[in-house]
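Along the sequence shown, residues carry numbers from 1. Just so you know, these numbers come straight off a predicted model, no measurement behind them.
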Amino acid sequence: MAFTRSLKVLAKMHGAFFEYYPTGGQDRSLLADTVFTNSTLYSLVEFKDTTEKFISEKQKKQRVLAVCKAIFDKNAMRNLHDSCHFIAGDDPKTSEQVMFIYRHAICNRQVFSKDAEKNLPFLAPQANTASKLFLHEYASDVFSTKPRFALSVDEFTAYLEMLVETTTNGRKKLEVCLVASSINDQNRCVSARFDNITELHNWAIDHIYPSPPGTVSKSKWHNGQDDLGL
């Protein structure tokens with residue numbers, strides 16, 4: 001994936017760490033297909049080929065509108081959302097890789113333009129293009145000492161719980177399948193799956209994330225997905 005390859009390059013330029021985890025087909029409840037991390041903080045990202053295809057999110061109408069309304073109504077959820085939940089794609093004119101806060105790109109009447117939707121009070125008249133982040137700008141932020149666009153494990157978990165409760169209309173608790181790469185005892189490549197971000201984070205501290213200075217890593221490899229060229 002071009003975005004993740006670019007972020008691995010940018011991480012090296014910043015002397016930082018970057019990893020990503022597919023959400024294992026949980027797009028229905030998370031409205032995103034990948035989790036980004038710098039090993040301590042996390043972001044949630046939905047990918048499209050180009051920004052012109054953002055409008056396809058209207059195909060998830062019921063879930064997306066529920067999230068737009070919840071974000072509009074709840075300050076706490078909105079604050080967390082604006083710090084971690086993005087939609088990304090190539091600019092169709094320049095091919096530059098760009099990101100937007102999800103609600104700024106999707107929760108508007110350009111995406112939801114039918115008569116029954118246009119007057120919904122929680123939809124903005126149009127997309128907020130001022131929130132556009134070029135990928136190098138996002139990288140400069142998340143690889144800095146005080147990122148604005150990523151959350152701690154506890155904050156990220158709190159947001160995911162609110163998100164899943166909203167997209168499932170309260171029918172499900174947090175059910176997330178996050179997938180990482182690992183090596184088994186026979187030195188064969190395997191996928192490691194986790195039901196929540198805390199389990200993944202604790203596993204990754206031992207298996208993927210950089211060890212604190214002065215300690216020896218327990219990992220068989222530094223970075224599974226990097227070594228595999230993914």
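Contact of the Leu160 side chain with the Leu44 side chain is registered, since non-hydrogen atoms from C-beta on lie closer than 4.5 Å. Contact check for Thr23 versus Val35: side-chain heavy atoms found under the 4.5 Å cut-off. Residues Glu46 and Phe54 have side chains not in contact (no heavy-atom distance under 4.5 Å, counting atoms from C-beta outward). By the 4.5 Å heavy-atom criterion applied to side chains, Leu135 and Met99 are counted as neighbours. Contact of the Val45 side chain with the Phe3 side chain is not registered, since no non-hydrogen atoms from C-beta on lie closer than 4.5 Å. Side-chain atoms of Val98 and Leu133, non-hydrogen and from C-beta on, never get closer than 4.5 Å to each other. Under the 4.5 Å side-chain criterion, counting only non-hydrogen atoms from C-beta, Arg109 is not in contact with Gln126. Arg193 is not listed as a side-chain neighbour of Leu178, based on a closest heavy-atom distance of 4.5 Å or more.
The shortest heavy-atom contact between Phe18 and Thr4 is CE2-O, 3.8 Å. Contact detail for Phe143 and Phe17: the closest heavy-atom pair is CE2-O, 3.4 Å. Closest approach of Thr198 to Thr157, counting heavy atoms only: OG1-OG1, 3.8 Å. Here the shortest heavy-atom pairing between Ser39 and Thr37 reads N-OG1, 2.9 Å.
Between the side chain of Asn184 and the main chain of Arg188, a donor-acceptor pair closer than 3.5 Å is present. Asn108 contributes a side-chain N or O that, together with a main-chain N or O of Ala105, makes up a donor-acceptor pair within less than 3.5 Å. Side-chain N or O atoms of His207 include none that pairs as donor or acceptor with a backbone N or O of Ala180 at under 3.5 Å. Listed for the Thr166 side chain is a donor-acceptor partner under 3.5 Å among the backbone atoms of Met162.
With rounding to the nearest 0.5 Å, the separation of CG in Leu30 from OG1 in Thr167 is 7.0 Å. Interatomic distance, CE of Met77 versus CD of Glu165, reported as 9.0 Å (0.5 Å rounding). One distance of note links CG of Asp90 with CZ of Phe47; it measures 10.0 Å at 0.5 Å rounding. With rounding to the nearest 0.5 angstrom, the OG atom of Ser113 is 9.0 Å from the CG atom of Asp115. Atom CG of residue Asn196 and atom CZ of residue Phe156 lie 11.5 Å apart, to the nearest 0.5 angstrom. The NE2 atom of His201 sits 10.5 Å away from atom CG of Asp206, with the distance rounded to the nearest 0.5 Å.
Gln97 and Ser6 are linked by a side-chain donor-acceptor pair at a separation below 3.5 angstrom, with hydrogens and angles left out of the test. Thr40 and Asn38 share a donor-acceptor pair across their side chains, judged by distance under 3.5 Å alone. Looking at Ser56 and Lys48, their side chains do bring a donor and an acceptor atom within 3.5 Å of each other. Residues Glu155 and Ser152 bring a donor and an acceptor atom of their side chains to less than 3.5 Å of each other. Remark: the Ser43 side chain and the Tyr138 side chain contain an N/O donor-acceptor pair separated by less than 3.5 Å. A donor-acceptor pair shorter than 3.5 Å can be found between the side chains of Tyr159 and His81.
Salt bridge Lys60/Glu57: present, at least one basic N to carboxylate O contact under 4.0 Å. One finds no salt bridge joining Lys58 and Glu117 here, because no Lys/Arg side-chain nitrogen approaches an Asp/Glu carboxylate oxygen to under 4.0 Å. Salt-bridge check for Asp82 with Arg78: failed, with every basic side-chain N at 4.0 Å or more from each acidic carboxylate O.
Screening Phe86, Phe100, Phe36 for a ring-ring contact (aromatic ring centres under 6.0 Å, His included) involving Phe149 leaves a single residue, Phe86. Considering Phe194, Tyr209, Tyr21 in turn, Phe194 is the only one that fulfils the ring-ring contact (aromatic ring centres under 6.0 Å, His included) rule with Trp203.
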Next item on the list: Go through the steps to decide whether Leu123 and Leu65 satisfy the test side-chain contact (heavy atoms from CB on, under 4.5 Å), and finish with yes or no.
Entry: CA-CA 9 Å; Leu123 294 179; Leu65 288 178; 4.0 Å; yes
Next item on the list: Please step through side-chain contact (heavy atoms from CB on, under 4.5 Å) for the pair Val190 and Ile183, ending with a clear verdict.
Entry: CA-CA 6 Å; Val190 297; Ile183 290 181; 6.0 Å; no
Item checked: Full working for side-chain contact (heavy atoms from CB on, under 4.5 Å) between Leu163 and His85 -> CA-CA 10 Å; Leu163 185 61; His85 197 162; 4.0 Å; yes
Checklist line | CA sep, side-chain torsions, deciding dist, call: Arg63, Val67, side-chain contact (heavy atoms from CB on, under 4.5 Å) | finding: CA-CA 6 Å; Arg63 298 186 301 279; Val67 170; 5.8 Å; no
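Open room surrounds NZ on Lys69; 12 or fewer heavy atoms of other groups in view lie less than 6.0 Å from it.
Residue Leu41 is not grouped with residue Tyr102 when hydrophobic side chains (ILVMFWY) are merged at heavy-atom distances under 4.5 angstrom, including chains of intermediate members.
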